[in-house]
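The first residue of the sequence shown is numbered 1, and numbering continues consecutively from there.
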Amino acid sequence: MQNFLNSLGWFVYPLGLCSFLAIFVIVERMFALRRENVFPRSFQKRFIAGEVTALKGDDVTVCGRIVKFFYEKKPDAEALKSYADLELTRLERGFFILDIVVGVAPLLGLMGTIAGLVKVFGSFDLTQSLPDTPVIVSGIALALSTTLVGLSIAIPAMIGMGWLNRRVDIYDAQLTLIVEQLIHASGKRESKAKTQDSTVA
């Protein structure tokens, strides 16, 4: 293992950073995007039962914050949708880091490949009959190992990114339905209040 890391040369540092960032973001977002943090089952049951107006807001879950904003600020439809979009954007926090890792890691591997080949061909001396074997071996090792590590980082990061995006898409659809139900309930409540006022008058 130590020999393999040594064969990476200075590329071990940026590749190691990419690996750390990808693992950190994926693990952190997996915990942050748990159902209990976004759309708990208690909210889901009331929503399915049509008891949207009975939902209580909180500061812990995404759905709870949207409901709390709805009852405390009494926003119009556009303001509520904008706030829901803001909460959805927070769910995507750190995704740009994964995008960077997916793009940079293979390029670092390619750069290592080119550097290894330059090292190999740069070791040839036309005045000598035999090339410098240790330099050739180290150059080929650099070329192959950086490519392998770069792809080994980018592929899992791409898979993790796809899974997280799918998770956010599902929550997006669910939160959109809740927002629409809250807007509908608010409209019914306002029309009912106007009817009562006109009756009293």
Side-chain angles (χ1 to χ4, degrees), residues 11-111 149-187:
F11 288 95
V12 70
Y13 300 107
L15 289 171
L17 178 61
C18 287
S19 178
F20 171 78
L21 291 174
I23 293 172
F24 177 80
V25 172
I26 291 173
V27 172
E28 189 273 336
R29 285 293 89 191
M30 285 177 65
F31 279 97
L33 293 177
R34 289 180 301 172
R35 177 172 293 277
E36 292 77 14
N37 296 332
V38 182
F39 190 36
R41 297 192 183 278
S42 58
F43 279 82
Q44 186 178 10
K45 289 179 181 179
R46 287 186 176 274
F47 175 72
I48 293 174
E51 302 174 353
V52 181
T53 55
L55 294 174
K56 294 183 179 180
D58 58 55
D59 295 319
V60 180
T61 64
V62 174
C63 187
R65 287 194 292 271
I66 293 174
V67 173
K68 183 178 180 179
F69 178 81
F70 172 75
Y71 284 117
E72 289 186 353
K73 305 298 182 181
K74 294 181 172 54
D76 57 18
E78 291 302 320
L80 185 60
K81 289 179 180 178
S82 297
Y83 184 79
D85 289 339
L86 176 62
E87 288 291 339
L88 187 67
T89 302
R90 290 175 180 172
L91 294 180
E92 299 175 341
R93 184 176 57 194
F95 281 18
F96 75 97
I97 296 177
L98 284 181
D99 281 333
I100 293 173
V101 169
V102 169
V104 168
L107 291 178
L108 286 171
L110 179 61
M111 186 183 295
V149 173
L151 293 176
S152 298
I153 295 171
I155 292 173
M158 189 180 298
I159 294 172
M161 184 69 176
W163 184 86
L164 292 173
N165 275 322
R166 177 58 180 166
R167 194 79 171 168
V168 171
D169 288 342
I170 293 173
Y171 287 139
D172 183 19
Q174 293 172 341
L175 294 176
T176 299
L177 284 175
I178 289 179
V179 168
E180 293 295 336
Q181 288 293 328
L182 287 173
I183 294 172
H184 179 68
S186 177

request  = Step by step, work out the side-chain contact (heavy atoms from CB on, under 4.5 Å) result for Leu98 and Leu164.
outcome  = CA-CA 10 Å; Leu98 284 181; Leu164 292 173; 3.9 Å; yes

ask   = Can you list the steps and then say if Val168 with Phe95 is a side-chain contact (heavy atoms from CB on, under 4.5 Å)?
value = CA-CA 11 Å; Val168 171; Phe95 281 18; 3.8 Å; yes

request  = Go through the steps for Arg34 and Phe31 under the test side-chain contact (heavy atoms from CB on, under 4.5 Å), then give the verdict.
outcome  = CA-CA 6 Å; Arg34 289 180 301 172; Phe31 279 97; 4.1 Å; yes

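With sequence neighbours left out, Phe39 forms a ring pair (Phe, Tyr, Trp, His ring centres under 6.0 Å) with no residue at all. Not counting sequence neighbours, the partners of Arg65 by the salt bridge (charged side-chain N to carboxylate O under 4.0 Å, His left out) test are Glu87.
Within the 4.5 Å cutoff, side-chain heavy atoms of Lys81 are placed close to those of Ile183. In this structure, Ile66 and Leu80 have side chains that are in contact, with non-hydrogen atoms separated by less than 4.5 Å.
Contact between Pro106 and Val101 at its shortest, heavy atoms only, is CD-O, 4.1 Å. Residue Pro156 comes nearest to Ile26 through the heavy atom pair O-CD1, 4.2 Å, listed as atom of the first residue, atom of the second, then distance. Across all their heavy atoms, Ile178 and Cys63 have their closest contact at CD1-SG, 3.3 Å.
Remark: the backbone N or O of Tyr71 is paired with a side-chain donor or acceptor of Lys74 at under 3.5 angstrom. For Thr176 (side chain) and Asp172 (main-chain N/O), a donor-acceptor pair under 3.5 Å exists by modelled atom type. The closest donor-acceptor contact from the side chain of Arg29 to the backbone of Leu91 lies under 3.5 Å.
Between Glu92 and Arg167, none of the side-chain N atoms (NZ, or NE/NH1/NH2) sits under 4.0 Å from a carboxylate O, so this pair counts as no salt bridge.
Separation of atoms OH (Tyr171) and CG (Leu33) is listed at 6.5 Å; rounding is to 0.5 Å.
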